[in-house]
Amino acid sequence: MANESKETSKSSSSASNPIHILLSHSEFAYAKQAKEDDIYKKELKRLSGFNVNYDFLGHSDYAQQLSLRFASGDLADLIRTDSIVSTIHSGAVDQGVFLELGPLIDKYAPTLKKKIPSEFWKSPRISKDGKIYGIPVTRGVPADRSIFIRQDWLDKHKMEAPKTLDEYLAFFEAVKKEDMNGNGDFNDEYGLGMFNNIVWTDIFTPAFGVHTNKWSLKNGQLVPDIIDPRMKEAIAFYKQLYDKGYINPNLFVKKEDEQNASIAKGEVGVWGAAVYQYLAGYGKDNASKTFLNQPAASVSMIAPPKGPRGDKGMALQSDEIYFVWAIPAKTKNPENIIKYLEWAYSSPDAEQFFAYGIKGQNYTEENGQIKYDINQPVNTEKNAFQMYQVSLNPREIGFAAPSVLKALPESDKITKGYATSKESLISNEAKYMPRLESLASHPELNIGAAQGTLFLDMFAKVLTGREPLDSAFDNFVVEWKKRGGDAAIKEASEWYNKFNNK
């Protein structure tokens, strides 16, 4: 009778005080097609007792769509944004658009403060002038970037996993000389597969001591690595790969889905990816489904290469914030949203749902033990596990949660992959730096090979031989500074000194 009363109470609560949540579908197939009566949405309402309603917008154009929502005032109760001071909604905090959340969190959600480390709350993406206006959704792990390699190709050539640049070159040359996928075409395999989001497949730049997304402290100033002379060395190495045919020549126009198709056809020996992508696509239970007509295909995750001066690394150290929740000031009953988040962080029901989905459907429980197989069709169809582990999960990217990892097949290998990724982190003095206003009106100057068109244009011209490296790079640096880069360096340096009390 007590349980029946509890469920009735939850149902009553769920029917009232709806919570409207606005976020991106993150290109997850399940979230893209999920209707309002979706089974996972309904189960979340039942378990939590809150009438939670999700509005999934696009991903690549999410910033534009969200900007339009702010312009029209058509906002939700809880909004996904990249930062409380994002250029998507410039001035929102100062104009009172966002609600101050500190007092509400202290009163209704003490678990958030206990489980989210203090440094997250101090981030300029979360707080301003000592007041909290956002709630972080964490990445779940310090790093998840990894290098994937066709282990069966290594074995065929009797090679160990490459550790140096020369060893990578030797592997790429071996790949070039043989028909690795056995389709009769000796010219459709490449040692390294790359696509137009260059930063995802850039595994060599850190070997030269730089990173396309990094700002480094030099002589008291924060300066982007894209204008560092060592970046020229990295580009020269990529030019060598391009000229020797070790990377696909269409890398600047190739899309991510086309990259995945190339990997499946056995046209790629090495690629950059996230550890959580291993199991669904390349683990021993799924490799035969992914790699077409290649029954012996196998994949390993390896450490990044060591460069000529001993430099190595993969992912840039970040603030570990995936995105930020903000609550508009006009939201009615904001305490209900905070109470919902408290449930998400503190309830055993929430812990199991965001890890394993629906009991009796996605998992079972026997004698207190969870029985969960992520490779079952109910979890893999349209990658349904992404829905309950990430899309509906307001806390974190749940792929690497301890409760998830321990239940996965090849758990040891995946855990080791995350450990290797963490060991490959590159230190970053600017990990808490907010978006620079001086770059807001000059997107072509943004650092990051996937963002700054000025850098990417120069990189493409050098690789394809349209311009020589030395003059192209030197002219790029001059142009970058002239267009507003000097102002960006000044702004970044001022932020650094203030943030570090210098």
Side-chain angles (χ1 to χ4, degrees), residues 63 81-88 90 93 117-129 134 136-139 141-145 198-200 202 205-231 234 304 311-324 421-422 424-456 476-477 480-481 483-502:
T81 183
D82 59 309
S83 167
I84 60 170
V85 291
S86 172
T87 53
I88 297 171
S90 294
V93 173
S118 59
E119 58 264 28
F120 284 79
W121 298 107
K122 296 175 183 177
S123 168
R125 296 172 66 183
I126 302 297
S127 297
K128 185 173 183 181
D129 299 328
V137 176
T138 67
R139 295 187 177 276
V141 287
D144 60 16
R145 292 291 308 284
I198 304 296
V199 71
W200 262 99
D202 175 17
T205 299
F208 295 90
V210 287
H211 190 284
T212 55
N213 272 327
K214 187 171 183 283
W215 292 75
S216 298
L217 192 63
K218 294 183 177 180
N219 301 319
Q221 288 188 312
L222 272 186
V223 181
D225 282 7
I226 58 171
I227 64 172
D228 188 302
R230 292 174 296 175
M231 184 61 73
D311 296 307
K312 62 184 298 187
M314 185 67 179
L316 186 63
Q317 186 183 46
S318 75
D319 59 10
E320 298 179 38
I321 297 175
Y322 178 35
F323 64 82
V324 177
S421 184
K422 182 178 179 181
S424 305
L425 271 175
I426 301 167
S427 62
N428 179 16
E429 292 98 343
K431 67 178 180 178
Y432 293 118
M433 186 169 72
R435 180 82 176 268
L436 299 177
E437 290 298 324
S438 53
L439 294 183
S441 58
H442 294 283
E444 76 279 7
L445 302 183
N446 283 327
I447 69 170
Q451 303 171 31
T453 53
L454 201 64
F455 176 85
L456 192 57
F476 156 73
V477 173
W480 187 88
K481 289 183 174 181
R483 287 200 193 186
D486 280 335
I489 290 173
K490 182 175 184 293
E491 183 183 353
S493 302
E494 289 174 349
W495 165 84
Y496 179 86
N497 291 330
K498 182 178 180 181
F499 187 79
N500 293 281
N501 298 315
K502 291 190 175 183

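Quantities reported herein were computed from a predicted structural model and do not represent experimental measurements. Any value given below was found using the heavy atoms of this structure, including those in side chains, with hydrogens, waters and symmetry copies removed.
Enclosure of atom NZ in Lys218 by more than 12 non-hydrogen atoms of other residues, nucleotides or ligands within 6.0 angstrom is indicated. Remark: Lys312 NZ is packed, more than 12 non-hydrogen atoms of other residues, nucleotides or ligands lying under 6.0 Å away.
By the side chain to side chain contact (heavy atoms under 4.5 Å, CB included) test, Val324 is found to be paired with Thr81, Ile84, Arg125, Ile126, Ile321, residues two or more places apart in sequence or in another chain being considered. With sequence neighbours excluded, the residues forming a side chain to side chain donor-acceptor pair (under 3.5 Å) with Glu491 are Ser438, listed by chain and number.
With hydrogens and angles ignored, the 3.5 Å screen pairs a side-chain donor or acceptor of Ser127 with a backbone N or O of Trp121. Of the possible polar contacts, none joining the His442 side chain to the Glu444 backbone as a donor-acceptor pair under 3.5 Å is found. Of the possible polar contacts, one joining the Asn446 side chain to the Pro443 backbone as a donor-acceptor pair under 3.5 Å is found. Remark: side-chain polar atoms of Asn428 are not paired, donor with acceptor, to backbone N or O of Ser318 under 3.5 angstrom. Using modelled atom types, one side-chain atom of Asn500 and one backbone atom of Tyr496 make a donor-acceptor pair closer than 3.5 Å.
Remark: the Asp144 side chain and the Ser421 side chain contain no N/O donor-acceptor pair separated by less than 3.5 Å.
Of the inter-residue distances, the one linking Leu445 atom CG with Ile227 atom CD1 reads 10.5 Å to the nearest 0.5 angstrom. Between atom CG of residue Asp82 and atom OG1 of residue Thr87 there is a gap of 6.5 Å, rounded to the nearest 0.5 Å. Residue Leu454 holds its CG atom at 8.0 Å from CD1 of Ile226, rounded to the nearest 0.5 Å. Note that CG of Asn497 is 9.5 Å distant from CD of Gln221, once rounded to the nearest 0.5 Å. Note that CZ of Phe499 is 9.0 Å distant from CG of Asn501, once rounded to the nearest 0.5 Å. With rounding to the nearest 0.5 Å, the separation of CD in Glu494 from CG in Leu436 is 10.5 Å.
Closest of all the heavy-atom pairs between Leu316 and Ser427 is CD1-O, 4.1 Å. The shortest heavy-atom contact between Arg230 and Asp228 is N-OD1, 2.7 Å. When all heavy atoms of Leu222 and Ala430 are compared, the closest pair comes out as CD1-CB, 4.1 Å. Nearest heavy-atom pair across Ser83 and Pro124 is OG-O, 4.1 Å. Scanning all heavy atoms of the two residues, the minimum distance from Met314 to Pro206 falls at O-CG, 4.3 Å. Minimum interatomic distance between Pro224 and Ile489 (heavy atoms only, all atoms of both residues): CD-CG1, 4.0 Å.
When each of Val199, Ile426, Thr205 is paired with Asn213, the side chain to side chain contact (heavy atoms under 4.5 Å, CB included) condition holds for Val199 and for no other.
Using a 4.5 Å heavy-atom threshold, the side chains of Glu429 and Lys214 count as touching.
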- Please test Glu119 against Tyr432 for side chain to side chain contact (heavy atoms under 4.5 Å, CB included), starting from the C-alpha separation and ending with a verdict. CA-CA 10 Å; Glu119 58 264 28; Tyr432 293 118; 3.7 Å; yes

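The aromatic rings of Phe476 and Phe455 sit perpendicular to each other, their planes meeting at more than 60°, with 30° as the lower class boundary.
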